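Notes for the one structure printed next.
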Amino acid sequence: MSMDKSFDARAAEARISAEWERANAFAAGANASRTETFTVMIPPPNVTGSLHIGHAFNNTLQDILVRWHRMRGFDTLWQPGQDHAGIATQMVVERRMADAGEPDRRQIGRDSFVQKIWDWKRESGDTIINQLKRLGASCDWSRNAFTMSGAPGAPAGEEGNFHDAVIRVFVDLYNKGIIYRGKRLVNWDPHFETAISDLEVENREVPGHMWHFRYPLADGETYEYVERDAEGRVTLRETRDYIAIATTRPETMLGDGAVAVHPSDERYAPIVGKLCEIPVGPKEHRRLIPIIADDYPDPDFGSGAVKITGAHDFNDYGVAMRNGIPLYALMDGRGAMRADGLSHADSAEIATRAARGEDVGDVSNVNLVPEDLRGLDRYDARRRVIEAITAEGLAVTLLHKEIDPETGAEHLERRPLIEDKPIMQPFGDRSGVVIEPMLTDQWFVDTARIVGPALEAVRDGRTRILPEQHRKVYFNWLENIEPWTISRQLWWGHQIPVWYGLDLGVADFADDGDGALDEVEMFGLLVDGLVHAGERQRCAADFEAVRKLFRDDIAGLPQPLEVSRVVEVADRDAAIDLLARSLADYGLSQDPTHLLYPVWRDPDVLDTWFSSGLWPIGTLGWPDKTPEMERYFPTDVLVTGFDIIFFWVARMMMMQLEVAGDVPFHTVYVHGLVRDEKGAKMSKSKGNVIDPLSLIDEYGADALRMTLTGMAAMGRDPKLGPKHVEGARNFVTKIWNASRFAQMNGVRGGVARPDSQHTVNRWIIGEVARIRIATDEALASYRFNDAANGLYAFVWGKVCDWYVEFAKPLFDGEDAGETRATMGWVLDQCYLMLHPIMPFVTEELWALTGERATMLVHGDWPTCGAELIDEAADRQMNWVIALIEAVRSARAQMGVPAGARLDLIVTEADAAARAALAANAPLIERLARVNPPADGVAGKGMIAVAAPGASFALPIGDLIDVAAETTRLQKALARSGKDADGLRKRLANPKFVENAEAEVIEETREKLAALEDDLARLHAALAQLAAL
RNA sequence: GGGCGGUUAGCUCAGCGGUAGAGCACUACGUUGACAUCGUAGUGGCCACUGGUUCGAUCCCAGUACCGCCCA
């Protein structure tokens, strides 16, 4: 069968993929011939995802490692799977429902909504899997995992264990006290109405404003305000009845709990401890807040005084906590001003008492938003607040001078001081809306308690992070780790396995001491107690388990409550309602079996990264003791981008060490971010996104993979343009055509390495050994670019440019048989070594060029070593190559027509040169386009060519231009002369001879000798030219 | 403000103690038994700057300038 002129990637890729799949070629352990395992966990793409260039890069590198190990006989597992991606997926499905005009998720309810997501996943969830297959990713697809598998409501086909693992870990960490619930200030996304973690917040600098307002002192008090310069001289002294503050967020003034100044700030020392008035809100309920001293305010920034809104700013929160300032929440989940809770009048009254130092208890019901602002969006509220303060004359103003252009009259006006200034603003990385710090009940992982082993493991090298610079990033983050907010107010995710029940054991409603509730006591509980009852929380893997825990709890309650049946209801309201009805029922029936104790489950789900943090063990069947867990854990290499070192790598380290007692992987290879050809980050808004699939369509998957691999220098961001991919595609064509040439000349692959005798064959066999060693070294040290570029240069620059050309004349001679066998073997080694990088074209060539026992995917990685390098053959071929290049260069420079065949006159040659010439004459004749070499002398109309140990003359007759030839030789002379001078100078330096390594000195001497030989020949040629 | 990178041919980047390489682009020539998705020969670099260490520095160290990224 004859081969086409180029590789039809599109047709072949689909066919070859199908063959791999049919043969189960990627199954864990396929092609294993030794006991060592090699395991890679894919960074699970989002189930909503589609392949972007970063995935293509990431998975190409993983695939190279995996295919390389599989070919070397390791028991190899590349574990694929997908992440359920809480927010992203919920967003996609909600949008689809909206687009289809369907009722929204709140209308259809949680269970139906989750079902809809599962339906969606069945329809379109494997998009990215199919795209990864197109890239050639050799994952064990039969093991494809999903971070929500096994969750309640999961359909058939999704019965994996992942949910069990997640819940198991939550319960475990809960019981150890590492997971806890608390009311804290968290990052709140007003679009998705959920808490998010610090990492999901993107701080960006945006244009903003700084407003300056006066907070009048209470009761008309005044003080001497004194400003001094650096030398302590007074620059300003005035009597003030206010304190000026600057803010970028005026709407939060409504919830201020204090004004803070630095303790060392003498300007405000007289008024620390006094009260001032917030200059906004209904006049009759103006609120007073204390002026406090705290280290947080920077005396040199703004006025040096800072308003403290503990419930809406992280810095203020810290100040408030330190100083016992109440936290007044102003906004609801959508970022609108609160409309719930007490009236403003009542709220202001409570807050004022608090400001005077009274203990006012829980203030969550206090709503300090004036009635006219309630329900307004936060930005509308901001405008209104600014207008009101300005109208009242309490904005700090500046005198503004304007000169009338016509009359020249000066016009003075006081205008509010509003500074335009860039501010850092937090945005939700998914929603893109401004994040609001919000005081809410959330679940946290006390990461400080589990971070130690994760730090230790990297410090002592049990897990290596490459390139090393990322170790510092890892340490820096983990050493300053904050608690991790893991609860999300979403529906798609692992629901937190905590249930709540009313605490009926509080003293107020306990019985009178006889261990049983009489009717009066029961009535008290029914009427008043339930509403005020606190909650107890219990954590267990499922309802059955948690029911037992609650039964133990209520066993201690007075009769007859202690026999109540534990039942699950939707929420607290439902629980109160049901408990009341059950008590009422009991009141009538006196039948204790009618008594119910309702409990409700925490509605929140876990942060997606909590489950993906368990990816290494969850995919291997943990918490069951599976053979896979036994065999493949800890895994070997994690290949990932630096952007998820914190999100994912650090958390996997912490979690695996905590629950499985070992590191999740031995090596983390961190690659760069693929940028566009100008080095810009790819983004939809910039429109510079490169779609890997269209590149695959146009150039083939191998070309894309080769390009990305060639650019994968450690620690650098690859910059990708279509030109690069085109170059790699050309390389595919190149090796294809070299194979085609071989086939046309009767070369077959699948042969054992022949014991070749001809220098050319011995030379190329040695070159194969060299590149094999270099490729293994490069891959072993994750220098993917070196592996790719080395193979590229070898195949193109050695095999195609020289070996194939040398073989052409050999095919006509007595060495034809040996040369065919050698070429077959050489090309096989190329296919084998290129296969991890370019799996498709190599698999295709493998099949087309010989009888094969297995597909190339299961080929045996070459092991040929340095013993195959024949130094003599090497020297000789390098001499031949040098001569050919010298002749070509001379010809081209002298303008000899490419087709013209010249005589090659040997004017001088040493024994080695003569031997090389004799052994390779046909090659030289052909490639240099010269007639068989013959001894002679240089003469008129000849140009000179030198090679180590030999000089030649090429008669070009009338073509010669003496001046041009002189110039050419002088140019060469100058070049070599300069090099030789440098070397001579170095050798003349006694310090060099004393200090440099012997090897280096020897090398330098050899180099100089060669150059001097060169120079002598050039001089001779020039002399001759001049003589004629 | 803290941390981490980068600065090498026109462009994109390798190299990281012995005086510089690749691909692309460019110029000239060229269809010779596979390949024009090609071949041959060229052009092109004070390796950002200033000091230091060294026999020797693009490479190591310190500083400067500019450009990125991450965290506040």
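Throughout, a chain's letter reflects where its sequence line sits, starting with A, and its residues are numbered from 1. Keep in mind that what you see is a predicted model, and the values were worked out from it rather than measured.
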Show me the donor-acceptor pairs within less than 3.5 Å that the side chains of residues 775-792 of chain A make with the rest of the protein, sequence neighbours left out.
{"unit_1": "A:Thr775", "atom_1": "OG1", "unit_2": "A:Ile771", "atom_2": "O", "d": "2.6"}
{"unit_1": "A:Asp776", "atom_1": "OD1", "unit_2": "A:Trp68", "atom_2": "NE1", "d": "2.9"}
{"unit_1": "A:Asp776", "atom_1": "OD1", "unit_2": "A:Trp861", "atom_2": "NE1", "d": "2.8"}
{"unit_1": "A:Asp776", "atom_1": "OD2", "unit_2": "A:Arg772", "atom_2": "NE", "d": "2.9"}
{"unit_1": "A:Asp776", "atom_1": "OD2", "unit_2": "A:Arg772", "atom_2": "NH2", "d": "2.9"}
{"unit_1": "A:Asp776", "atom_1": "OD2", "unit_2": "A:Trp861", "atom_2": "NE1", "d": "3.2"}
{"unit_1": "A:Ser781", "atom_1": "OG", "unit_2": "A:Glu777", "atom_2": "O", "d": "2.7"}
{"unit_1": "A:Ser781", "atom_1": "OG", "unit_2": "A:Ala778", "atom_2": "O", "d": "3.4"}
{"unit_1": "A:Ser781", "atom_1": "OG", "unit_2": "A:Arg783", "atom_2": "NE", "d": "3.2"}
{"unit_1": "A:Ser781", "atom_1": "OG", "unit_2": "A:Arg783", "atom_2": "NH2", "d": "3.2"}
{"unit_1": "A:Arg783", "atom_1": "NH1", "unit_2": "A:Asp786", "atom_2": "OD2", "d": "2.4"}
{"unit_1": "A:Asn789", "atom_1": "ND2", "unit_2": "A:Asn785", "atom_2": "O", "d": "3.1"}

Taking N or O atoms only and anything under 3.5 Å, show me the protein contacts with nucleotides 39-43 of chain B, one pair per line.
{"unit_1": "B:G39", "atom_1": "OP1", "unit_2": "A:Lys734", "atom_2": "NZ", "d": "3.2"}
{"unit_1": "B:G39", "atom_1": "OP1", "unit_2": "A:Trp796", "atom_2": "NE1", "d": "2.4"}
{"unit_1": "B:A41", "atom_1": "O3'", "unit_2": "A:Ser889", "atom_2": "OG", "d": "3.3"}
{"unit_1": "B:G42", "atom_1": "OP1", "unit_2": "A:Ser889", "atom_2": "OG", "d": "2.6"}

*asked:* Take N1-N3 plus N6-O4 or O6-N4 for Watson-Crick, N1-O2 plus O6-N3 for G-U, both under 3.5 Å. Which runs of 3 or more such pairs involve RNA chain B?
replied: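 The stems that RNA chain B takes part in, listed by first number, are B:1-7 with B:65-71, B:10-13 with B:21-24, B:26-30 with B:38-42, B:48-52 with B:60-64.
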Output yes when at least one side-chain N/O atom of [X] is less than 4.0 Å from OP1 or OP2 of [N], else no.
X	N	value
A:Asn995	B:C55	yes
A:Lys723	B:A25	yes
A:Arg986	B:C55	no
A:Asn476	B:C4	no

*asked:* Pair A:Tyr317, A:Arg184 - check side chain to side chain contact (heavy atoms under 4.5 Å, CB included), show working.
replied: CA-CA 9 Å; A:Tyr317 180 75; A:Arg184 301 288 140 86; 3.8 Å; yes
*Of the candidate nucleotides B:G5, B:A34, B:G68, which contains the atom at the shortest distance from the side chain of A:Gln469?*
B:G5
*Side chains of A:Pro467 and A:Val670: does their closest heavy-atom pair fall under 4.5 Å?*
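Yes; the side chains approach each other to less than 4.5 Å.
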Looking only at atom [atom1], what distance separates [N] and [M], rounded to whole Å?
N	M	atom1	value
B:C24	B:C38	P	8 Å
B:U31	B:G68	C1'	47 Å
B:U64	B:C70	C1'	24 Å

_Taking any heavy-atom pair under 4.0 Å as a contact, classify A:Lys808: base, sugar-phosphate, or nothing._
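Result for A:Lys808 = base.
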